[in-house]
**Student:** 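Right, I'll just put the structure down here and ask away after.
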Amino acid sequence: MTEKEIIGRMSLPEKIALCEGDGLWRTLAMPRYSLPAAMMCDGPHGLRIQDSSWHAHVHQSAPATCFPAAAALGCSWDTRLVEEVGRAVCEEARAAGVALILGPGLNIKRNPLCGRNFEYFSEDPYLSGKLAAAFVRGGQSTGVGCCLKHFAANSQEYKRFSSDSVMDERTLREIYLAGFEIAVRESRPRAVMCSYNKLNGVHASDSRFLLMDILRQEWGFDGLAMSDWGGMNDRVAAFQAGCDLNMPGGSRYQQKKARQAVREGVLREADVDACAGRVIRFALDAAEIPKTPCDFTAHHELAVRAAEESAVLLKNNGALPIRGSACLMGDMAHAMRYQGSGSSHVHPTRLIQPSDCLDWPYVQGYLPGGGTTDAYLAEAVSLAKTVETPVIFAGLPDTSESEGVDRPHMCLPPGEERLIEAVAAVNPRTVVVLLCGGAVETSWLEKVNALLYMALPGQAGGQAAVNLLTGKANPSGRLAETWPLQYSDVVSAPYYGQRDAEYREGVFVGYRYYDSAGIPVRFPFGHGLSYTRFAYSGLTVEPDGACVTVENTGEQAGAEVVMLYICPPQGGIARPVRELKGFQKVFLRPGERAELRFPLDERSFALWAGGWKVAQGRYVVEAGGLRTEVERDGCALLPEPAYDWYKTLSGTPSHKDWERLLGRTFASVPPEKGQFTMDHTLADIKEDSFFLRNLYRVMEEVIAWQCGGNRDDPAYKMMLSSATDCALRSMAICAGMRESLFEGLLDIANGQRLRGLGKLIRLW
Ligand code: BGC
């Protein structure tokens, strides 16, 4: 039967039921229409087939290759490599009968403290979009589908289920949507997952503006739009917006509301049909994917190469590559951080620690978690004196980088910093290798000779790090995110991490801010060294493209990332001084040169001003330190009114300046007794409600029990925040609890005790 025939035969309740998952990972099978279930799984950097339906068992899944996390892959700047990784992840999915991978994630790294930054590629939408498109192209070449997430404007974990991302449309279009737009247009992903947050007051899964006007109509997306797990706010609005699938299953009350809305004429049955049709198409296509075996050995080899090509050599005063005597230090040399916590967590097929690949002397230096003792330090110092090059493996502990929780600060654990300082004080050739999914403060940088950033390199990270340290591989990664000198230099630092996210800095995110405001940074966006040298020449530009020649002038083979930036004319509407508009990674032997061409089009020069518009004027094109100019025709854009901060970028954007940019006022409304709704969370309400306080405690205990009593387990922290800081509506969906139970509890919390008790009694 075709999709149309099936729809024609289905009853309304069946169509509505089909638009909701069957449990955590499947669509609903409907045998009477020969419609099979389609299975989906997390998989940004490896497949996570959870073998238990308990949410707390998020870290227990079937073995799969754990590739470098997006934070690492972003630094590869290599679309071919990311395509290969996408293909490999989807080959593993195909072998396991999984039809859709819930990735890649491509939210913008707006602030280094976002707990999920490690799952995202970059602070730059162009780089994020191109890499996501590459992942999807590679992945979908296997027949398995990929799902872009989280759409859109989700750059903090705090209150992630209910926070409102508030921004002007230019910021939304240029920074937070542009990467999705590139990936949708260039790779036709089979699915897109909505984010949990609201955008300008509307939940992403309810947003017609996001899902219908922009995603489907403007960008031509014809695939499946789905909610994040428990993220569906209002099923009726979501049907109208074209959010097809409510994941996971269990929200019978939302089905009831949708049926009622159709009966009352509030919701058109045609809207339900459109959503159900796309779910049917998805399930029918899924049934066609053959189940073929995959080659885990080849995937492990790819994981080594991917980790090597993603690592960034941040500093090298000659200690690398290591030729003489050396030693290993740090707990992470034999228990490396290689991935983050939460739904992206993969159970690796193999795990290669740095210490597995070397027989250098080793001391632990600090304890798991990052504390240290004088005895540990003394032991490290005495070993450091006996070798030419001490190599310290350091990084963030597991609990620091997790879904559901933002980092409290940007520092390494104090014990690790003490170890670095103590060892560097006695041996100036000290090398530090960092394992973490984002920028950290490196106040000790001047004291060490070399710094290699492995990010979160996946299961083969140990092998890759050793290959790079010893010169078997040549570092070729470049930072996909600026590393500030200190957290206070981040423009959003003074107002980040609030209940509602005020995107006051507008388009001035990452290097767009630091470069334009002239703020010194520790390592700029795009920074990365090599064991060889590259020289640039012959930059030329025409209106439709630029060319530049790059040559390996050193003694070793290596890869260079050639980046092309466009610097728009300044003076009118406030614009970043430069923006990335092209990049290519090229491998060159010593003496070899390559002439690279970068296509440019209207969008390369455009900004959003109620539509994409090119301002007439002279644009500087930059590549590898060379600059040239090109004249563009276009409109004369009106100069922006003088909103102080956006003119000067000095200090912090004030609420008032931002409201003028926004064109309206905005005040975040804290939850208050009397006003609690299904959008609020247990954590919001517990102090005002005896019942919900106790429910909170019970949940704490149950989750701790599920995590074997270990409250330091990152899974415990993530699950606790997900369960107690998710909207009551999400609890009703994910835990299958009845909405009327929450309505009763809410009435009581709001002071309407009798009415609430009445509702609870009627439940019996
Ligand atoms: C995450 C998604 C993930 C889903 C399923 C959610 O909590 O936000 O990224 O795909 O769970 O595990």
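Remember, it's 1-based here, ligands and their atoms both numbered in the order they're listed.
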**Student:** If you count the atoms of ligand 1 from 1 in the order shown, which ones are under 4.0 Å from a heavy atom of Met193?
**Tutor:**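 With Met193 as reference, the close atoms of ligand 1 come out as 10 (O).
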**Student:** Consider ligand 1: state whether an atom of it lies below 4.0 angstrom from any non-hydrogen atom of Arg48.
**Tutor:**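 So Arg48 counts as touching ligand 1.
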**Student:** Just to be sure I'm reading this right: ignoring hydrogens, which of Asp42, Leu24, Leu102 gets closest to atom 10 (O) of ligand 1? Compare them by their nearest heavy atoms.
**Tutor:**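 Result: the heavy atom closest to atom 10 (O) of ligand 1 is in Asp42.
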**Student:** Counting only heavy atoms not in Arg188, do more than 12 fall under 6.0 Å of its CZ?
**Tutor:**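 No, because the 6.0 Å sphere around CZ of Arg188 holds 12 heavy atoms or fewer from other groups.
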**Student:** Under 4.0 angstrom from ligand 1, any heavy atom of Gln50?
**Tutor:**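 In this structure, Gln50 fails to qualify as a contact of ligand 1 - no heavy atom is under 4.0 Å.
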**Student:** Got more than 12 heavy atoms from elsewhere within 6.0 Å of CZ, Arg252?
**Tutor:**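 Atom CZ in Arg252 is not packed in, count stays at 12 or less.
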**Student:** Which pair of non-hydrogen atoms, one from Ala204 and one from Leu211, has the smallest distance, and what is that distance?
**Tutor:**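 Smallest interatomic distance, heavy atoms only, reads O-CD1, 3.7 Å.
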**Student:** Using a strict 4.0 Å cut-off to heavy atoms of Lys149, name the atoms of ligand 1 that fall inside it.
**Tutor:**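 So the atoms of ligand 1 that pass are 2 (C), 3 (C), 9 (O), 10 (O).
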**Student:** So, 4.0 Å and heavy atoms of Phe161: is ligand 1 close enough to count as a contact?
**Tutor:**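 No, Phe161 has no heavy atom closer than 4.0 Å to ligand 1.
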**Student:** Hey, does the side chain of His680 reach the backbone of Thr677 with a donor-acceptor pair shorter than 3.5 angstrom?
**Tutor:**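 Flag set: sc His680 to bb Thr677 pair under 3.5 Å.
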**Student:** Check contact between Glu403 and ligand 1, using heavy atoms of the residue and a distance below 4.0 angstrom.
**Tutor:**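 Glu403 counts as a contact of ligand 1 under the 4.0 Å cut-off.
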**Student:** Please write down residue, atom name and distance for the protein heavy atom closest to atom 8 (O) of ligand 1.
**Tutor:**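 Going atom by atom, the protein heavy atom closest to atom 8 (O) of ligand 1 ends up being Asp228 OD2, 2.6 Å.
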**Student:** Please say whether more than 12 non-hydrogen atoms of neighbouring residues, nucleotides or ligands are located less than 6.0 Å from CZ in Arg499.
**Tutor:**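 Yes, because the 6.0 Å sphere around CZ of Arg499 holds more than 12 heavy atoms from other groups.
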**Student:** Run the numbers on Tyr158 and Tyr496 for ring pair (Phe, Tyr, Trp, His ring centres under 6.0 Å), then give the verdict.
**Tutor:** CA-CA 10 Å; Tyr158 181 61; Tyr496 180 76; 9.3 Å; no
**Student:** Hey, is ligand 1 close enough to Trp229 that some N/O pair sits below 3.5 Å?
**Tutor:**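 Among all N and O atoms of Trp229, none is under 3.5 Å from an N or O of ligand 1.
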**Student:** Using 30° and 60° as the class limits, which term best fits the ring planes of Trp25 and Trp229: parallel, tilted or perpendicular?
**Tutor:**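 The rings of Trp25 and Trp229 sit tilted, inter-plane angle from 30° to 60°.
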